[in-house]
Trainee: 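Handing you this structure, nothing more for now.
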Amino acid sequence: MKLTILGSGTCVPSLKRSAPAYFLEADGRQILIDCGSGTVLQLEKLGRSYKDIDAVFITHPHPDHVAGVVPFVQALLATPMFAREKDLLFVGPNGFRDYYKSCVASIMGAPKTFSINIIDIEDRLDYPPLSVIAAQTVHSENSIAYRFEHNGRSLVITGDADYDQGIIALSENCGLLIADCSFPGSMKSRGHMTPEECGLVAKKAGAAKLVLSHLHAIPSYPDSERINECRVVFDGDVVLAEDLMEFNL
Ligand SMILES: [Zn+2]
Ligand SMILES: [Zn+2]
């Protein structure tokens, strides 16, 4: 598997950090996890294309995680000299099908040359060559985190998540843990983790590598300070997410 961070930011516009989105490749499959504003442009910067995406996994329908879905679907439908043939899959938490119908299909209609399939995931999904496990997070109604497994390697993306036992269990012995680290400890906000809480999840789960993401820019608080806060509890491998950063698993 190869995971690329498309957006390490949040709902707040930033020239440095695009809105939440990740790009996962496994045996030729091309997958987006979340699709915030600007996601298709971030893919272009990477030299990849929205045209080739096979599936989109959504953690929850807050706008910072889904605002790029309509532009993505519109690009697929309206690119001159391009007629997509392969089906497109959307996977989301309970209620996502209804969300898609009312907020995307109502605007874009149904494509003529391919099908869009939508699954409300329960707790797992076989999506060859990947096994996908989902778990409810403490954030909003029906917000979920994902674990992707392939050839004995594993990756967890928490989406938006507060600290709880569920996220620790989902992350057990994972190779890469990408965690919601919205605010420093001094600004703890319910529904998101602090750097120390991210570190505790990584430590208790035995994660091999921790990436702090979903980063709000805080005036007079350097991003790198998050690493120091995290290291108080976690002495493993931890890095700060940057847009277009890549990880091979
Ligand atoms: Zn959210
Ligand atoms: Zn968010």
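Whatever order the structure lists ligands and atoms in, that order sets their numbers, starting from 1. Counting from 1, the numbers follow the sequence of the chain as shown.
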Trainee: Check the pair Arg29, Asp52 against salt bridge (charged side-chain N to carboxylate O under 4.0 Å, His left out), reporting the backbone distance first and the verdict last.
Mentor: CA-CA 9 Å; Arg29 284 275 196 202; Asp52 301 322; over 6 Å; no
Trainee: From the N, O or S atoms in His214, identify the one nearest to the Zn ion (ligand 2).
Mentor: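 That would be atom NE2.
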Trainee: Where do Pro111 and Leu77 come nearest, in terms of heavy atoms and distance?
Mentor: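 Closest approach of Pro111 to Leu77: CB-CD2, 3.4 Å.
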Trainee: Do NZ/NE/NH1/NH2 and the carboxylate oxygens of Asp243 and Lys16 come within less than 4.0 Å?
Mentor: no
Trainee: I'd like to know if Glu229 and Arg231 make a salt bridge, using a cut-off of under 4.0 Å between side-chain N and carboxylate O.
Mentor: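 Not counted as a salt bridge, because no side-chain N and carboxylate O are separated by less than 4.0 Å.
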Trainee: Side chains of Asp160 and His60: any donor to acceptor distance under 3.5 Å?
Mentor: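 Side-chain D/A pair, His60 to Asp160: present.
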Trainee: Which atoms of the protein, restricted to N, O or S, are nearer than 2.8 Å to the Zn ion (ligand 1)?
Mentor: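 Sorted hits: His60 NE2, His62 ND1, His139 NE2, Asp160 OD2.
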Trainee: So which pairs with a foot in residues 69-81 pass side-chain hydrogen bond (donor to acceptor under 3.5 Å, both in side chains), sequence neighbours left out?
Mentor: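 Sorted result for residues 69-81: Tyr50-Thr79.
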